[in-house]
**Student:** 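Before I ask anything, let me first share the structure, which is written out below as structure tokens.
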2 protein chains.
Amino acid sequence: MSETQLRALVVDDERAIRRFLRTSLTANGYVVFEATNGGEALEAVVRDRPDVMILDLGLPDMDGTQVTARLREWSHIPIIVLSVRDQEGDKIAALDAGADDYLTKPFGVGELMARMRVVLRRVAHPEPEPVFATRDLVVDLARRLVRVRGHEVQLTPTEYDLLRVLVTHAGKVLTHQQLLRQVWGLGYEGESHLLRVNISNLRQKIERNSARPEYIITEPGVGYRLRLEI
Amino acid sequence: MSETQLRALVVDDERAIRRFLRTSLTANGYVVFEATNGGEALEAVVRDRPDVMILDLGLPDMDGTQVTARLREWSHIPIIVLSVRDQEGDKIAALDAGADDYLTKPFGVGELMARMRVVLRRVAHPEPEPVFATRDLVVDLARRLVRVRGHEVQLTPTEYDLLRVLVTHAGKVLTHQQLLRQVWGLGYEGESHLLRVNISNLRQKIERNSARPEYIITEPGVGYRLRLEI
DNA sequence: CGCCATCTTGACACAATATTGACGCCTTTT
DNA sequence: AAAAGGCGTCAATATTGTGTCAAGATGGCG
């Protein structure tokens with residue numbers, strides 16, 4: 001077992017439930033952090049670096065499944081979803097969005113603790129940095145913000161997805177196929193003109209001179225990669 | 001997505017439940033194996049090499065939790081426990097014994113499939129990366145990166161393919177024919193000048209002095225090989 | 001219904017790569 | 001020692017891949 005205490009993030013808008021979970025978790029040796037809505041939850045993952053997240057489905061600002069999906073864009077943190085809803089559809093949606101478990105309220109504390117042990121016992125993946133930064137390019141994956149040379153850049157959803165994939169594999173060559181699959185989904189493997197147009201648009205927005213790209217480098221015949229070195 | 005079908009082992013002593021699970025799993029693209037008791041289950045894991053196991057708690061010869069514990073002595077196969085018992089103590093015992101999830105009967109097939117996807121997606125992830133390295137030449141086949149003496153080298157698609165073939169048969173002599181077939185495809189067996197030009201270009205990029213190659217060695221009259229020894 | 005932003009498609013200029021041919025060197029053979 | 005064949009390099013041309021622009025299609029939203 002690890003020497004240092006494990007860190008748990010509790011996300012629930014009800015004060016009573018947060019209190020109850022804090023008490024139970026603290027008694028079981030966790031350090032507890034709290035968030036009351038989806039936005040705060042994403043920030044807290046960045047700030048507090050929890051090892052596990054306990055997420056209520058019904059949040060005021062966004063759906064718990066949405067929070068899960070957003071988080072899975074850049075984090076592998078184990079997520080246990082709690083919900084009063086026992087509908088199969090909700091469970092499937094949350095689990096397929098990336099949640100690791102789904103518990104229906106009311107539940108026993110012992111069961112929750114056992115399920116936390118299950119998700120925690122798998123070897124921790126090295127977590128990628130929630131904020132990527134090289135030279136003058138900053139990509140805040142948690143907030144979906146992109147800043148170049150001090151200025152915030154407005155990207156379309158496709159452009160952002162493309163940049164996100166490049167950034168989460170920074171330095172590595174991504175083939176046309178890989179990029180098309182990860183951004184457009186299966187069945188777009190051949191549509192390389194989509195990639196060309198969007199890479200071009202992205203470069204217009206983040207490169208100083210798109211004819212001499214500093215960040216998005218073409219690997220002719222293969223794909224693209226985000227350059228890390230100077 | 002994986003090309004080959006995933007293999008599921010169903011362990012239950014009730015014929016009706018095995019039938020039901022076989023139908024559902026087959027419909028979802030799994031290859032299904034069956035066992036009716038704990039002893040058979042352990043044998044089946046060895047013999048059938050399933051990717052995931054669905055285990056009923058109430059077995060005639062030994063308890064499902066025992067099966068889980070025995071299995072965990074040597075296997076990491078994901079285990080989803082099914083049970084009619086909704087007692088918290090049973091759940092905790094099974095999960096702590098090494099089960100990955102616990103579903104109480106009756107359950108929806110959709111939920112079972114979603115939970116199977118959850119346990120399978122983490123097993124699918126850790127993929128060993130084939131990286132070839134010898135002295136000062138590193139070829140990362142997964143990322144398509146080539147580094148020589150600390151510097152990354154830009155190769156054209158043909159040059160990379162050629163190097164890839166040499167590297168995957170490192171140390172062995174590859175005939176002109178073999179190389180032409182593997183890089184250019186069938187019908188190019190006679191075009192050995194293609195090979196000469198590309199070997200030359202490749203040497204310019206990776207050898208210190210292409211007149212005295214250290215890596216790509218000519219076997220006169222036969223072909224080329226990638227040298228392993230110093 | 002029409003506006004807006006975004007996505008997709010097609011056309012074209014330009015860049016990178018592949019192929020070909022020419023030539024000289026080296027090794028082996030006679 | 002000369003000839004022949006295999007090999008390596010260079011440079012030219014052919015082919016393919018890539019970047020950009022702009023027009024048309026799509027879809028969300030008031």
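Here is the naming used below: chain letters follow the sequence lines, and residue numbers restart at 1 for every chain. Note that this is a predicted model, so its numbers are computed, not measured. Below, each value reflects all heavy atoms present in this structure, side chains not excepted, and no hydrogens, waters or symmetry copies.
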**Student:** Salt-bridged, A:Glu219 to B:Arg144, with N to O below 4.0 Å?
**Tutor:**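 Looking at A:Glu219 and B:Arg144, the cut-off is not met.
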
**Student:** Rounded to whole Å, please give me the gap between CG in B:Leu155 and P in D:dG17.
**Tutor:**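 Computing the B:Leu155:CG to D:dG17:P distance gives 18 Å.
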
**Student:** Heavy atoms only, 4.0 Å cut-off, all strands: where does B:Thr218 land among base, sugar-phosphate and nothing?
**Tutor:** sugar-phosphate

**Student:** Give a yes or no on this: more than 12 heavy atoms of other residues, nucleotides or ligands lie within 6.0 Å of atom NZ of B:Lys105.
**Tutor:** yes

**Student:** Starting at the 5' end of DNA chain C, which residue's closest nucleotide do you reach first, A:Arg196 or A:Asn201?
**Tutor:** A:Asn201

**Student:** What pair of heavy atoms forms the shortest contact from A:Glu159 to A:Gln154, and how long is it?
**Tutor:** OE1-O, 4.4 Å

**Student:** Rounding to an integer number of Å, can you tell me how far B:Leu194 CG sits from D:dA14 P?
**Tutor:**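 About 17 Å, once rounded to whole Å.
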
**Student:** Classify B:Tyr160 by what it touches in the nucleic acid, base, sugar-phosphate, or nothing, heavy-atom distance under 4.0 Å.
**Tutor:** nothing

**Student:** Are A:Asp13 and A:Arg18 ion-paired here, with the side-chain N under 4.0 Å from a carboxylate O?
**Tutor:** no

**Student:** Should A:Thr156 be listed as having a side-chain N or O under 4.0 Å from OP1 or OP2 of C:dT6?
**Tutor:** no

**Student:** Less than 4.0 angstrom between a side-chain N/O of B:Gln204 and OP1 or OP2 of D:dC10, yes or no?
**Tutor:**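 For D:dC10, OP1 or OP2 has a side-chain N or O of B:Gln204 closer than 4.0 Å.
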
**Student:** Between P on D:dA22 and CG on A:Asn198, what's the gap in Å once rounded to a whole number?
**Tutor:** 17 Å

**Student:** When we call it a touch if two heavy atoms are under 4.0 Å apart, what does B:Ser210 touch: a base, just sugar-phosphate, or nothing?
**Tutor:**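 Since only primed, P, OP1 and OP2 atoms lie under 4.0 Å of B:Ser210, the category is sugar-phosphate.
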
**Student:** Determine, for B:Arg117 against A:Asp96, whether the closest basic-nitrogen to carboxylate-oxygen distance falls under 4.0 angstrom.
**Tutor:**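 Yes, this pair counts.
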
**Student:** Regarding A:Tyr224, tell me which of base, sugar-phosphate or nothing describes its non-hydrogen contacts under 4.0 Å with the strands shown.
**Tutor:**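 It contacts sugar-phosphate atoms only.
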
**Student:** Take atom CD of B:Glu191 and atom P of D:dG6, then tell me their distance rounded to the nearest Å.
**Tutor:**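 The answer, rounded to whole Å, is 15 Å.
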
**Student:** Just the rounded figure in Å: distance from C1' of C:dT20 to CG of B:Leu195.
**Tutor:** 15 Å

**Student:** Look at the side-chain N and O atoms of B:Trp184 and state whether any lies under 4.0 Å from the OP1 or OP2 oxygen of C:dA18.
**Tutor:**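 No, outside the criterion.
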
**Student:** Rounding to a whole Å, what distance do you find between B:Ile216:CD1 and D:dG8:P?
**Tutor:**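 So the two atoms are 10 Å apart, to the nearest Å.
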
**Student:** Just N and O in the side chain of B:His193: are any of them under 4.0 Å from OP1 or OP2 of C:dT20?
**Tutor:** yes

**Student:** 5'-most contact on DNA chain D: B:Ser192 or B:Val197, nearest heavy atom basis?
**Tutor:** B:Ser192

